[in-house]
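Indexing begins at 1, ligand by ligand and atom by atom, following the structure's order. Side chains included, hydrogens not; waters and symmetry mates left out as well; all remaining heavy atoms used. Everything quoted here is computed from the prediction, not taken from an experiment.
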Amino acid sequence: MINCESTALKFRYSSSKKLLEFELLDQTLLPHSEFWIQILNTTQLIECIQSLRVRGAPLIGIAAVFGLAQAATQTKSTDELIKIFQLLYESRPTAVNLMNCLDLMKPLLQEGTDVQKYVDKAVEIFHQDVQLCNSLSHYGSSLIEDGDQIITHCNTGGLATAGLGTALGAILHAHHSGKKIHVYVDETRPLLQGARLTAWELQKHKVPMTLITDNMAAHLMSLKKVTKAFVGSDRIAANGDFANKIGTYGLAVHCHFHKIPFYVVAPSTTVDPDCQNGSHIHIELRKNSEVMGFKGHLGETQWAPANTLCYNPAFDVTPAELTSAWVLETGIFLKKQVDQGIFKKRNQS
Ligand code: MRU
């Protein structure tokens with residue numbers, strides 16, 4: 001029996017019993033309800049990816065490879081699997097982890113529909129992400145000192161990965177190694193991943209924290225309440241520019257003005273060596289309704305007038321110049337090393 005379990009994903013497979021169970025924690029219902037959705041097919045999985053029931057760059061990639069393994073149990077046609085592969089590949093455009101993880105499964109499509117091979121590869125990708133999180137959290141944590149007051153954006157923890165997390169992984173590692181820290185959590189408009197998800201995770205780990213709305217960050221910095229910023233990423237370009245949740249760029253600008261170190265923490269599965277710089281990153285545009293109001297566990301409300309023209313990019317690009325260091329599972333890298341081409345090669349680890 002194969003059994004993979006993380007904060008937001010469960011996968012069980014028994015070839016002898018012909019049993020496959022795949023569940024995702026519905027993140028749109030957090031923190032009020034911890035409801036696990038049973039994933040039965042690819043259409044349902046794609047709906048979960050697009051509605052952010054499952055989210056976070058590394059976890060989207062992992063959910064997709066388990067989805068492909070599940071599809072292999074449901075079809076004997078390689079052509080059908082290739083179609084499913086393509087649908088998953090295109091389900092969200094910005095996080096390159098989705099494409100990078102699926103690319104690791106691609107050779108299997110040449111070999112047919114042997115379920116065990118798909119399951120084994122997906123499980124390997126899951127465990128690799130746990131290792132990546134451990135290693136990059138260790139490096140990220142080494143940048144954190146007793147007394148640090150850290151600001152973070154969106155959710156980059158166990159809900160976004162198979163392991164401890166990326167930026168939040170570093171913060172949790174520091175906390176669990178006894179460092180006295182305080183975390184300021186940006187609520188992260190419009191979908192509130194900070195207020196709903198990061199606050200939930202930090203409370204579970206008993207990390208001292210304060211929730212703020214995104215537009216309070218600069219004020220807090222002017223009061224000298226923030227000593228460091230840690231964020232995650234959905235795609236790091238070859239020159240070090242990186243995409244992350246909308247609002248990250250603004251946070252980086254504020255940090256630069258206030259001379260606050262600004263760190264991006266991500267596994268090498270987030271690096272896109274084929275992407276020359278941030279201007280080539282495809283930024284996902286989402287529905288107006290997410291800006292005009294909110295739909296969630298407490299119901300649906302719209303505060304903007306009907307037919308208001310909206311703009312809703314889910315991510316923005318932070319230029320390399322504003323980044324103090326890039327923290328990967330292989331170490332901490334400075335701009336000089338990025339300029340020497342560390343992100344121009346595939347497979348850092
Ligand atoms: O739209 P989301 O919630 O999937 O966006 C997530 C982020 O932007 C995270 O910061 C990023 O994926 C890094 S997660 C370890």
Notebook entry, point to check: So which protein heavy atom does atom 9 (C) of ligand 1 come closest to, and at what separation?
Noted result: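 For this ligand atom, the closest protein heavy atom is Asn244 OD1, 3.4 Å.
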
Check: What protein heavy atom sits nearest atom 3 (O) of ligand 1, and how far off is it?
Finding: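 Nearest protein contact, heavy atoms only, for atom 3 (O) of ligand 1 is Arg55 NE, 2.5 Å.
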
Next item on the list: Counting heavy atoms only, name the option from Ala160, Ser233, Gly56 that's nearest to atom 13 (C) of ligand 1.
Entry: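 Answer by nearest heavy atom: Ser233.
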
Margin query: Heavy atom to atom 11 (C) of ligand 1, shortest distance: which of Leu52, Thr198, Asp234 holds it?
Written below: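 Among Leu52, Thr198, Asp234, the closest heavy atom to atom 11 (C) of ligand 1 comes from Asp234.
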
Check: Heavy-atom contacts under 4.0 Å between His153 and ligand 1: side chain, backbone, both, or neither?
Finding: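 His153 to ligand 1: no contact under 4.0 Å from either part.
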
Do any N/O atoms on [X] end up under 3.5 angstrom from N/O atoms on ligand 1?
| X | value |
| --- | --- |
| Thr166 | no |
| Gly232 | no |
| Lys245 | yes |
| Ala57 | yes |
| Gln193 | yes |
| Thr161 | no |

Next item on the list: Using the six-membered ring of Phe22, assess whether NZ or CZ of Lys10 lies under 6.0 Å from its centre and within 45 degrees of the ring axis.
Entry: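 No cation-pi geometry.
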
Side-chain donor-acceptor pair under 3.5 Å between [X] and [Y], yes or no?
| X | Y | result |
| --- | --- | --- |
| Asn155 | Glu201 | yes |
| Thr270 | Asn97 | yes |
| Thr28 | Asp26 | yes |

Note to self: Can you confirm whether His256 is buried at NE2, in the sense that more than 12 heavy atoms of other residues, nucleotides or ligands lie under 6.0 Å from that atom?
What the structure shows: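 Counting neighbours around NE2 of His256, 12 or fewer heavy atoms of other residues, nucleotides or ligands fall under 6.0 Å, so no.
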
Item checked: Atom CG of Asn307: over 12 foreign heavy atoms under 6.0 Å ->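 At most 12 heavy atoms, drawn from other residues, nucleotides or ligands, come within 6.0 Å of this atom.
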
Check: How far apart are the closest heavy atoms of Ala162 and Asp129, and which atoms are they?
Finding: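 Closest heavy-atom pair between Ala162 and Asp129: N-OD2, 2.8 Å.
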
Notebook entry, point to check: Hey, mind stepping through Arg189 and Asp214 against salt bridge (charged side-chain N to carboxylate O under 4.0 Å, His left out) and telling me if it holds?
Noted result: CA-CA 7 Å; Arg189 275 281 293 146; Asp214 302 343; over 6 Å; no

Note to self: Show me which atoms of ligand 1 lie under 4.0 Å from any heavy atom of Pro58.
What the structure shows: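 Numbered from 1, ligand 1 contributes 14 (S), 15 (C).
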
